[in-house]
Each structure stands twice: as C-alpha cells, then as structure tokens.
Amino acid sequence: MSRRTGRRVLAEAGGVRPRRGRDLKGRCLTFAQREEIAVLRAQGHSLRRIGVVIDRSASTVSKELRRNSVGAH
C-alpha cells in the first residue's frame with residue numbers, strides 16, 4: 001500500500017496499526033466455554049482433557065482458570 005493510504009488506515013484505527021492475519025473472531029472464550037471449564041475442572045478433569053472438550057489449548061484453559069480463581073489478583 002502507498003504511504004498515503006498507510007497513514008489514512010493508521011489514522012482511522014486511532015493511531016494503532018490494525019491487526020491482520022488470522023480472523024480474530026472466536027479468539028475469546030464464550031460464556032458457555034467458561035462454564036464448561038469450571039464444571040469439568042470441578043469434576044477433576046485435566047487441563048488437556050478440558051482443552052479437547054472445548055476445542056482450545058490446555059494453555060488457554062490454564063490461563064482462564066488462573067485468571068478467575070479465588071485469590072487471583
């Protein structure tokens with residue numbers, strides 16, 4: 001793209017380069033997925049098993065649990 005177009009795109013994005021590449025929709029967990037994580041963890045399932053069930057990585061499950069655990073800051 002030309003410099004002029006680049007400056008316009010940057011200005012329209014509030015001065016921040018817009019993300020590109022993979023579709024960002026579906027990036028965040030849904031409420032249903034969060035509920036499923038809580039239920040499966042309470043049942044004693046592993047992070048990997050929960051990830052398989054909700055079609056997310058074990059690290060995503062781990063981050064979600066850490067972010068929403070009692071005593072989290």
Side-chain angles (χ1 to χ4, degrees):
M1 90 176 50
S2 72
R3 252 181 215 261
R4 184 176 180 183
T5 302
R7 281 193 297 263
R8 181 182 52 77
V9 168
L10 190 61
E12 288 172 357
V16 179
R17 190 181 88 199
R19 291 195 60 149
R20 50 179 240 208
R22 69 180 186 167
D23 183 18
L24 297 178
K25 258 191 163 194
R27 192 171 153 231
C28 299
L29 292 172
T30 64
F31 182 73
Q33 287 173 319
R34 288 187 172 98
E35 285 184 319
E36 190 75 12
I37 289 171
V39 168
L40 292 171
R41 194 60 178 164
Q43 292 173 351
H45 292 282
S46 71
L47 299 179
R48 287 178 192 246
R49 178 67 188 138
I50 296 169
V52 168
V53 170
I54 67 167
D55 196 30
R56 296 293 181 133
S57 69
S59 66
T60 299
V61 174
S62 174
K63 289 174 192 174
E64 179 65 21
L65 289 169
R66 190 172 48 245
R67 185 178 300 120
N68 293 305
S69 66
V70 175
H73 300 291

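In this text, all values refer to a predicted model and were calculated from it rather than measured experimentally.
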Requested in this report: Any chance you could measure E64, atom CD, to L29, atom CG, to the nearest 0.5 Å?
Outcome: 5.0 Å
Query raised in the report: Residues two or more places apart in sequence or in another chain: which of them pass side chain to side chain contact (heavy atoms under 4.5 Å, CB included) with R4?
Result: S2, R7
Report task. List for me each residue that meets side chain to side chain contact (heavy atoms under 4.5 Å, CB included) alongside V53, sequence neighbours excluded, and say none if there are none. Result -> E36, L40, R49
Query raised in the report: So how far is it from D55 CG to T60 OG1, rounded to the nearest 0.5 Å?
Result: 10.5 Å
Requested in this report: Could you tell me the separation between the CZ atom of R34 and the SG atom of C28, rounded to the nearest 0.5 Å?
Outcome: 7.0 Å
Requested in this report: Supply the atom-to-atom distance Q43 CD to I50 CD1, rounded to the nearest 0.5 angstrom.
Outcome: 9.0 Å
**Report entry** Exercise: identify the closest heavy-atom pair between R41 and S46
**Finding:** NH1-CA, 4.0 Å
Query raised in the report: Got a second to check how far T5's OG1 is from R3's CZ, nearest 0.5 Å?
Result: 12.0 Å
Query raised in the report: Hey, are the side chains of N68 and I37 touching, using non-hydrogen atoms and a 4.5 Å cut-off?
Result: no
Query raised in the report: Nearest heavy-atom pair of L47 and S62: which atoms, and what distance?
Result: CD1-CB, 3.9 Å
